[in-house]
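Have a look at the structure below, then the notes.
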Amino acid sequence: MDRTFLLGVPLDPVTRTEALEMIRRFLREEKQRHVMTPNNEMLVEACHNTSFRDLLNRTTLNIPDSVGLLWMARFTRQRLSQRVTGVDTVTTLCTSLTEETPIFLLGAKPGVAESAAQALMSSNPHLKVTGCFAGTPREEDAPIILTMIRAAAPHLLLVAYGAPAQDLWIDRYLKELPSVRVAMGIGGTFDFLAGTRKRAPAWMRRMGLEWLWRLVREPKRIGRIWRAVVIFPLLVLRYGKAAPRI
Ligand code: UDP
């Protein structure tokens, strides 16, 4: 499948069903894979953070998490099938997992991963959650986190430290976690599942107005929203598929 490029970052033109099928297949194989959920803001970050951009070029699957990526793909005469969000992917994936695929939830504020795990287990009693831990992406916390995850031996590791921290964490430590077959950076997914953050209504998501919902509910995110809604399209207008030299 040909990948779509925006600002030097590859994006996979998969449907929700294809993304799920691929992740299920990865979970059956021994190889280790990193799945990322890029959005507008992450592509802006990749313009000036070259190690983050390099990482986005090394991951197995980059599912297009935001509607802005679809619009800008069309603008550059490329194709992305549909928006495939991290939260929907995790939710649907976890409804079909069995005891054979243990999972570990890392990140978010203390207690949030546990509530998210409860929500996932209530829709799938066969789901085996072998650990939840808030921790932090700081280097000094890594030894304890790695010890916990090794003891829990999950096949699927979900990491919620926000981008780029969560994906840089995975890139740095995945090799030290031999049981993990798929690691995914999943942003605010645990908050949505736990109910500590409310998703925008479906009509707002469809119209690409999620940013407005976030602006009203969390005005302190204005800088991030500005980068996603204004800077990102301007950068694509200027540089298109290529990585900018800035
Ligand atoms: N987070 C964390 N530690 C950090 C930074 C963020 O656990 O040092 C968590 C935060 O609590 C949230 C998740 O990372 O659950 C994603 O945060 P963000 O607000 O960036 O969500 P996004 O907008 O990426 O969905």
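As the structure lists them, so they are numbered: ligands from 1, and atoms in each ligand from 1. Heavy-atom basis, side chains included; hydrogens, waters and symmetry copies ignored.
Among protein heavy atoms, atom 23 (O) of ligand 1 sits closest to Arg221 NH2, 2.7 Å. In terms of protein heavy-atom proximity, atom 20 (O) of ligand 1 is closest to Arg224 NH1, 3.1 Å. Annotation: atom 9 (C) of ligand 1 to nearest protein heavy atom, Ala160 O, 3.3 Å. Atom 19 (O) of ligand 1 has as its closest protein heavy atom Arg197 NH2, 2.8 Å. Closest to atom 6 (C) of ligand 1 among all protein heavy atoms lies Tyr161 O, 3.4 Å.
Between Gly187 and ligand 1, not a single N/O pair is under 3.5 Å apart. Residue Ala108 places at least one N or O, backbone or side chain, under 3.5 Å from an N or O of ligand 1. Any N or O atom pair closer than 3.5 Å counts here, and Pro137 shares no such pair with ligand 1.
Between the side chains of Thr92 and Arg16, no donor N or O sits under 3.5 Å from an acceptor N or O. A donor-acceptor contact closer than 3.5 angstrom is absent between the side chains of Thr37 and Asn39.
Neither the backbone nor the side chain of Arg138 comes within 4.0 Å of ligand 1, counting heavy atoms alone.
For Asp191, the heavy-atom gap to ligand 1 drops under 4.0 angstrom.
Between Arg172 and Glu139 a salt bridge is recorded (basic side-chain N to carboxylate O distance below 4.0 Å). Using a 4.0 Å cut-off between charged nitrogen and carboxylate oxygen, Asp167 and Arg58 do not count as a salt-bridge pair. Salt bridge Glu140/Arg138: present, at least one basic N to carboxylate O contact under 4.0 Å.
Of the options Gly188, Gly107, Ala113, Ala194, the smallest heavy-atom separation from atom 22 (P) of ligand 1 is shown by Gly188.
Contact check for Pro154 versus Ile149: side-chain heavy atoms found under the 4.5 Å cut-off. In this structure, the side chains of Pro38 and Leu56 come closer than 4.5 Å at one or more pairs of heavy atoms.
Rounding to the nearest 0.5 angstrom, the gap separating the CZ atom in Arg83 from the CZ atom in Arg205 is 7.0 Å.
Here is the list of ligand 1 atoms found below 4.0 Å of a heavy atom in Gly162: 13 (C), 14 (O), 16 (C), 20 (O).
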